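The structure that follows is given in the form of structure tokens.
Positions are given from 1 along the sequence. Every heavy atom of this structure was used, including side-chain atoms; hydrogens, water molecules and symmetry mates were not. These numbers were taken from a predicted model, which means no experiment stands behind them.
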Amino acid sequence: VQLQASGGGLVQVGGSLRISCAASSRTFNDYHGGWFHQTPGKEREFVAAISRIGGTPYYADSVKGRFTISRDNAGTTTYLQMNGLKPEDTAVYYCAARSEPLITYSGRYDPTPDEFEYWGQGTLVTVSS
């Protein structure tokens, strides 16, 4: 599967932004979808994921209640709706896809980047104060 992220940009603190990840050659009906972010000098970090079957969402604690991950009915695109943005949300956001089952613990999901096989190119989100 090829992934193409888009929709990043500059937004003020407290504002909202929706970023998208389009899949080609295969769809998100075949993969679990995920979003990670990365800032210079830091490791790529998990933000959100959505399961292949049922569309169950999982979130990092830092974005719970503010971000929403979703998928269109055709499974061609996943979205990350980001509300209540904070300066610390500034990062390059990468979408990813995983074919193996998600490994959850007591309903929590906290993957490392190497658990996802396919990656998009990243889209920059900048939150200005």
Could you walk me through whether Ser24 and Gln4 pass the side chain to side chain donor-acceptor pair (under 3.5 Å) test, one step at a time?
-> CA-CA 8 Å; Ser24 59; Gln4 179 78 32; over 6 Å; no

Any sub-3.5 Å donor-acceptor pair from Gln38's side-chain atoms to Ala91's backbone N or O?
-> no

Mind checking what makes side chain to side chain donor-acceptor pair (under 3.5 Å) contact with Ser25, not counting sequence neighbours?
-> Gln2

Given the rule in the side-chain contact (heavy atoms from CB on, under 4.5 Å) test, do Arg44 and Trp119 qualify, once you have shown the distances and angles that lead to the verdict?
-> CA-CA 12 Å; Arg44 195 168 294 188; Trp119 291 88; 3.3 Å; yes

Minimal non-hydrogen separation, Glu117 against Glu100, with atom names = OE2-N, 4.0 Å

If Ile, Leu, Val, Met, Phe, Trp and Tyr residues are connected whenever their side-chain heavy atoms lie under 4.5 Å apart, and connections chain through other members, are Met82 and Val47 in the same group?
-> yes

Distance from Glu115 atom CD to Asp110 atom CG, nearest 0.5 Å?
-> 8.5 Å

Value for CD (Glu45) from CD (Glu43), rounded to nearest 0.5 Å, stands at 8.5 Å

Between the CD1 atom in Ile19 and the CG atom in Leu80, the distance rounded to the nearest 0.5 Å is 4.5 Å

Contacts of type side-chain contact (heavy atoms from CB on, under 4.5 Å), residue Asp72, not counting sequence neighbours = Ala74, Thr76, Thr77, Tyr79

Are more than 12 heavy atoms from other residues, nucleotides or ligands located less than 6.0 Å from atom CG of Asp114?
-> yes

Result block: side-chain N/O donor-acceptor pairs under 3.5 angstrom for residues 7-18, not counting sequence neighbours:
from  : atom 1 : to    : atom 2 : distance (Å)
Ser16 : OG     : Asn83 : OD1    : 2.8

Taking all heavy atoms of Phe28 and all of Cys21, pick out the closest pair and write down the distance.
-> CE1-O, 3.6 Å

Any side-chain heavy-atom pair of Thr112 and Phe46 under 4.5 Å | no

Go through the structure and list residues passing ring-ring contact (aromatic ring centres under 6.0 Å, His included) with Tyr58, not counting sequence neighbours.
-> Tyr109

Common cluster, Leu85/Ile69, ILVMFWY with side-chain heavy-atom separation under 4.5 Å | yes

What residues, two or more places apart in sequence or in another chain, satisfy side chain to side chain donor-acceptor pair (under 3.5 Å) together with Arg71?
-> none

If you measure from CG on Leu102 to OG1 on Thr56, what distance do you get to the nearest 0.5 Å?
-> 9.0 Å

Check Val1 against Ala23 and note the closest heavy-atom contact, atom names and distance.
-> CG2-CB, 3.8 Å

Taking the side chain as C-beta and beyond, is there a heavy-atom pair between Val63 and His37 under 4.5 Å?
-> no

Of all the heavy-atom pairs spanning Tyr59 and Thr68, show the shortest one and how long it is.
-> OH-CA, 3.3 Å

Distance-only, no hydrogens or angles: does the Arg52 side chain make a donor-acceptor pair with backbone N or O of Gly55 under 3.5 Å?
-> no

Do the two ring centres, one from Phe36 and one from Tyr94, sit under 6.0 Å apart?
-> no

Name all residues meeting the ring-ring contact (aromatic ring centres under 6.0 Å, His included) criterion together with Tyr31; count only those two or more places apart in sequence or in a different chain, and write none if there are none.
-> Tyr118

Check: Gln81/Ser70 side-chain N/O donor and acceptor closer than 3.5 Å | no

Value rounded to 0.5 Å, distance of CG in Asp61 from CZ in Arg108 = 4.5 Å

